[in-house]
Amino acid sequence: MGIPKRQNHKNGVKIGLGELSLVEHALCPLDSRRSLSENLVHSNAYFYTDHNRHQRNAQVRVNAPLGLSASDEFYLWGLLALTCCQQKPTAELFATPHYCLRQLGCINQHGKRGGRQYRKFAESLERLSLVSYSNDAFYDPVRGEHRKVGFGFLSYSLPVNKRSSRAWKIAWDPIFFEFCMSGSQQFRFDLEVYRSLDCASRRLFLLLQKMFSKRLEEARFELRHLAVHVLGFSESLPTKTLMKKCKKTLARLVDSGIIKPSPQFITGKRGGNYRVRVERGAYFATRAEFRLSKDLTSSPLYEPLAAIGLEELAIRRFVRDFDPVLVQEWADITLAAMERKGKKFFRRSPQAYFVDNVQQAAQGNRTPPDWWQELRHSENREKRMGQPASPTPVGEIITQVLGGISGDEAKT
DNA sequence: TGGTTATCGTGAAGACGATG
DNA sequence: CATCGTCTTCACGATAACCA
């Protein structure tokens with residue numbers, strides 16, 4: 001077996017990681033005019049059966065100070081999967097945006113796509129980080145019961161300088177993360193299929209993925225509930241329109257093999273309501289397992305280490321043998337020093353500096369330098385200053401302030 | 001007249017190619 | 001590899017067209 005090249009061809013299915021209760025309902029309206037408004041409050045409800053087989057109602061509330069787009073869910077599920085597929089998963093993901101977007105299939109070396117993807121990503125991240133979610137009957141897979149919960153999704157910290165090759169840090173809310181990670185229940189799905197769908201179909205796909213992976217053969221819904229509360233269509237639309245929209249969504253899922261074709265998914269009124277019935281499609285027969293490749297470049301540590309100038313073999317060794325948190329930390333210190341202090345900072349080379357420090361730190365006899373701690377503090381301060389007042393796109397908050405610290409940060 | 005259906009406009013978002 | 005222009009799709013309120 002040779003040294004893996006920096007590549008990203010289609011070995012290994014890209015996966016997404018969902019969450020059982022969250023896919024029961026829409027997190028925001030599909031219509032961006034409504035969902036991307038500031039201080040969005042989205043109230044929703046869905047039904048579940050408790051352990052006595054009684055049907056109960058769960059009330060959901062999503063607060064999104066910067067709004068929330070239906071397409072943000074793609075990043076949420078994708079980043080969760082990236083986090084849990086690391087060699088030693090923790091609730092923190094250190095990765096460059098380039099790494100994330102490449103892993104998620106948003107950019108690749110053939111289809112040339114650029115700046116907009118990065119901006120969308122940063123904006124979504126900003127919106128997601130501010131969301132607070134509450135649910136009075138959230139299913140807790142660890143304890144096997146429904147609980148009242150309130151949590152956020154994630155926090156982030158990223159270099160102010162857009163050109164920086166230092167990794168972004170994404171930290172998941174501990175309670176949310178625990179729900180997502182809980183052992184055998186991990187909710188995985190094919191991210192490529194997900195991506196190929198429109199937002200409404202994506203939501204239904206996830207819900208069906210959840211239902212059909214339990215060996216269920218069919219799923220039933222009430223039309224209006226499905227359209228409004230699960231998919232996120234506007235409640236103000238007449239039932240007829242919703243039916244049309246649902247039919248379109250179902251047709252898409254048929255095309256992807258997620259549900260079986262049927263001449264009539266929606267059957268006539270019963271008790272004043274339309275019933276929707278779908279059957280499990282071929283997709284679930286063929287794609288039970290999703291795994292990420294163990295390719296070296298699929299480690300988020302790869303890019304920072306490569307940016308320091310380490311060889312493939314050395315990177316492999318660090319990824320395999322050292323605590324990823326430690327490696328990430330010293331990679332960040334080294335890159336920060338390269339960007340802000342220049343070459344003269346290093347007695348020999350950045351590589352030597354990094355290698356020596358990680359080894360010493362692993363022994364427990366070296367801690368991060370003070371200048372780096374201060375740098376981090378000042379970066380956090382700026383971020384806090386930049387955020388609540390104005391919804392400035394993340395990458396663009398202040399670069400001048402830091403200009404004074406170092407003269408040669410432009411060159412990387 | 002009342003109700004249904006078709007179409008337009010707007011802003012978000014994705015696909016894809018050209019270019020630097 | 002990043003960036004941008006352009007074309008298409010989507011949701012859905014508003015308006016117009018249609019029909020009994």
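Each chain gets a letter, A, B and so on, in the order its sequence line appears, and its residues count up from 1. The model shown is predicted, which means the values in this text are computed figures rather than measured ones.
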Does a salt bridge link A/E92 with A/K169, judged by any charged N lying under 4.0 Å from a carboxylate O?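 So A/E92 pairs with A/K169 through a salt bridge.
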
Side-chain ion pair, A/D50 and A/R56, N-O less than 4.0 Å: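 Here A/D50 pairs with A/R56 in a salt bridge, since their nearest N and O are under 4.0 Å apart.
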
Specify the separation, in whole Å, of atom [atom1] of [X] and atom [atom2] of [N].
| X | N | atom1 | atom2 | answer |
| --- | --- | --- | --- | --- |
| A/E123 | B/dG11 | CD | C1' | 14 Å |
| A/Y118 | B/dG14 | OH | P | 15 Å |
| A/Q117 | B/dC16 | CD | C1' | 11 Å |
| A/L104 | B/dG14 | CG | C1' | 15 Å |
| A/E192 | B/dA15 | CD | P | 11 Å |
| A/K120 | B/dG14 | NZ | C1' | 10 Å |
| A/L101 | C/dC1 | CG | P | 11 Å |
| A/L197 | B/dA13 | CG | C1' | 15 Å |

Side-chain N or O of A/K240 closer than 4.0 Å to phosphate OP1/OP2 of B/dT4: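 It does not, given that no N or O in the side chain of A/K240 lies less than 4.0 Å from OP1 or OP2 of B/dT4.
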
Report the residues that fulfil ring-ring contact (aromatic ring centres under 6.0 Å, His included) with [X], sequence neighbours left out, ordered by chain and then residue number.
| X | result |
| --- | --- |
| A/H146 | A/Y48, A/Y139 |
| A/F345 | A/Y353, A/W371 |
| A/F176 | A/F151, A/F153 |
| A/F94 | none |

Taking any heavy-atom pair under 4.0 Å as a contact, classify A/T241: base, sugar-phosphate, or nothing.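 Counting heavy atoms under 4.0 Å across all strands, no contact is made by A/T241.
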
Closest listed nucleotide, where the reference is the side chain of A/R102 and the choices are B/dA13, C/dC1, C/dA2: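 Nearest to the side chain of A/R102 among the choices is C/dC1.
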
Nearest-nucleotide 5' precedence on DNA chain B, A/K244 against A/Y75: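 Result: A/K244.
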
Can you check each nucleotide of nucleotides 10-20 of chain C against protein heavy atoms at under 4.0 Å and return B for base, S for sugar-phosphate only, - for none, in 5' to 3' order? SBBS-------

Those residues that, when tested against A/N63, pass side chain to side chain donor-acceptor pair (under 3.5 Å) (two or more places apart):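 Testing A/N63 for side chain to side chain donor-acceptor pair (under 3.5 Å), a comparison that skips the adjacent residues, returns none.
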
